[in-house]
Amino acid sequence: MSSSDTITVATDSVLQLASRCPLPASTSTIFVSQSDQRPGSIHPILNARVESENIHEIALPPVDEGLGAWSFLAAAFIVEAIVWGFPNSYGVFLDAYLQNPRYASQKSSNSLLPLIGTLSSGIIYCSGFFITPIASRYPQHRRKFIWIGAAICSATLVGASYATKILQLVLLQGVLYGIGGSLLYWQCLSFMSEWFVLRRGMANGILFAGTAVGGILLPLTMTPLIATYGLSSTLRILGIAVAILFLLTIPFVKGRLSNTRTRIHGPAPRGAPRPRDWLTQKAFWIFIVINTLQALAYFIPIIYLPTFANALHESSSKSGLALALLNAASIVGRILLGFLSDKFNPWILALTTLFSTSIATFILWGVLSHYFAGLLAFGIVYGSIAGGWSSLWTGFVRPFAHDDPAMSTTLYGYILLSRGIGSIVSTPISSKLYASASNINRTHETMGFDVGEGRFENMILYCGTVFAGAAGFAAMGLAFDARTGRQRRS
């Protein structure tokens, strides 16, 4: 018997043995749950492959275009406007609460009432760190999360209309509204990564502009409603209106990919980027520091602008107008920076934005805002520059995510966690700065620093300085990015 015959016999024996004694199931292969198998179907792994190919070739709508993508973006835009409308316009409610003896006379009103708006937004930002893994593990339940979040947001606004204690407002409008909003917001971001790839920066700019639209409409509508019907009735009207809008738009907020329960275990393919590579990248953590610093200053003018306008002895309608113009300007900033983030280095855009915001804070708010026209100018410039910051996130995420929707959502979780922490922490800082006026006996208002007997001076100095510090870190990140690029080319 020749050596080739021996090999043939041995091979046949091995194949016969393998057919009689099959190997145990491997943990490094695709596992399809029994519920996904049909009677008489082919092997589950092959069946999964065939179904996957059919989905990608026939059923899936196109990315970056088509009715499915644009109808999702339009519906998500409206949902974002609703979710973020209340936190972005809370300054109007804060001014009304501080003028209402029922709440202003309660203990710690000056520190607890300003906390509500940033607490709700902070929870929405921070919750992605916990919601994203759950949604990734159970993608078939994402639509349920959206409906639950819509019900919570509507119910908390109506419930707050019956609150008589500040702590009840903090729980309802701060904590519970933030939880409901997070269930809505994060699913929109998750679906966004499925619908848009090449135009994701532009799409994110449009989506984030929706947050500003809510900040425009609510101050303009809530201010006259509060003056006419009072806080309680206004909150009930708002809660019912929000519920109706959710019912009309949420049916269009859905993913592009099927909600499969197929799971993949085992090592990644050779050559693929490791899932945690971004943890060791200095550039990512420099950006996290910048993002946190930006949040520590960004929300303070949004909260206190109506109060500042009231200190100028302007009417409540003009106070709401100042905040509405700020949010309107941020629409332009978010769309523009979202478009630019697809074409230019995000570090250059970040440095330019942060440095310009610092200058605008010192000059327009600190010096020229002793007139209402100067305050409006500050709101417009501040909104158009600082308001577009979130649209830059796509440019920073793209190099680490490698167009992986799950990785993009994970990175957004860390980015928004840092922003949420900055949002929440900024409130006690601003309350302390507002209480510790530099010169409480100042009577002549020759600059914005002098408004309200100098109560806003320390706040303005703090915001401008923090933005300048963030710009310094952005310059550091730009230098690091340039050095890394040269090393890659060499």
Side-chain angles (χ1 to χ4, degrees), residues 193 196-205 208 271-298 330 332-363 381-382 384-405 407-419 421-422 463-490:
S193 299
F196 291 91
V197 178
L198 296 178
R199 296 179 176 178
R200 190 174 300 164
M202 179 204 66
N204 277 331
F208 295 146
R274 290 179 298 174
R276 299 292 178 180
D277 272 353
W278 54 272
L279 284 172
T280 61
Q281 299 294 325
K282 291 182 180 179
F284 180 79
W285 295 111
I286 292 175
F287 173 69
I288 289 295
V289 172
I290 296 170
N291 194 56
T292 306
L293 289 174
Q294 202 269 355
L296 283 170
Y298 172 72
S330 67
V332 178
R334 291 175 189 187
I335 295 177
L336 178 61
L337 286 179
F339 173 78
L340 294 177
S341 69
D342 287 332
K343 300 182 179 298
F344 297 100
N345 189 326
W347 290 106
I348 296 177
L349 297 176
L351 175 58
T352 304
T353 299
L354 293 167
F355 182 74
S356 301
T357 305
S358 176
I359 297 299
T361 302
F362 283 126
I363 296 178
V381 174
Y382 184 85
S384 60
I385 300 175
W389 174 257
S390 56
S391 296
L392 296 179
W393 294 342
T394 301
F396 288 102
V397 167
R398 188 180 291 115
F400 304 104
H402 305 286
D403 291 326
D404 180 359
M407 180 60 68
S408 296
T409 306
T410 299
L411 294 178
Y412 272 116
Y414 282 88
I415 291 172
L416 288 167
L417 174 65
S418 66
R419 187 166 178 82
I421 292 173
C463 290
T465 303
V466 172
F467 280 124
F473 277 98
M476 183 191 307
L478 178 60
F480 179 80
D481 181 70
R483 184 169 64 252
T484 304
R486 287 195 299 268
Q487 291 174 353
R488 290 198 204 100
R489 290 191 295 269
S490 61

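What you see is a predicted model; the values in this text were computed from it and never measured.
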Mind checking the OG1-CG spacing from T465 to L293? Nearest 0.5 Å is all I need.
11.5 Å
Would the number of heavy atoms belonging to other residues, nucleotides or ligands and lying under 6.0 Å from CZ of F362 be above 12?
yes
Taking atom CD1 of I288 and atom OG1 of T292, what is their separation to the nearest 0.5 Å?
6.0 Å
Shortest non-hydrogen contact from S391 toward S341
O-OG, 3.6 Å
Give me the atom names and distance for the closest heavy-atom approach of G464 to S358.
O-OG, 2.9 Å
Under 3.5 Å, side chain of S418 to main-chain N/O of I415, donor-acceptor pair present?
yes
Would you confirm whether T352, through its side chain, and L349, through its main-chain N or O, come within 3.5 Å as a donor-acceptor pair?
no
Other residues, nucleotides and ligands only: do more than 12 of their heavy atoms fall within 6.0 Å of CZ on F480?
yes
Between N291 and W393, is any pair of side-chain heavy atoms under 4.5 Å apart?
yes
Contact between R398 and D342 at the side-chain level, heavy atoms closer than 4.5 Å - yes or no?
yes
Which of these passes side chain to side chain contact (heavy atoms under 4.5 Å, CB included) with F467: T353, L296, T361?
T361
Donor-acceptor contact present, side-chain S384 to main-chain V381, <3.5 Å
yes
F287 and W389 aromatic ring geometry - parallel, tilted or perpendicular at 30°/60° bounds
parallel
Measure the CG-OG distance between L336 and S330 for me, rounded to the nearest 0.5 Å.
12.5 Å
Over all atoms of both residues, closest heavy-atom pair of L351 and A471:
CD1-O, 3.3 Å
Determine whether a donor-acceptor pair (N or O, by modelled atom type, separation under 3.5 Å) exists between the side chain of Y382 and the backbone of Y298.
yes
Passing candidate, ring pair (Phe, Tyr, Trp, His ring centres under 6.0 Å) with F396, options W347, F284, Y414:
W347
Of all heavy-atom pairs linking G395 and P399, the shortest is O-CD, 3.3 Å
Point-to-point distance, once rounded to the nearest 0.5 Å, from CG of L354 to CD1 of I359:
12.0 Å
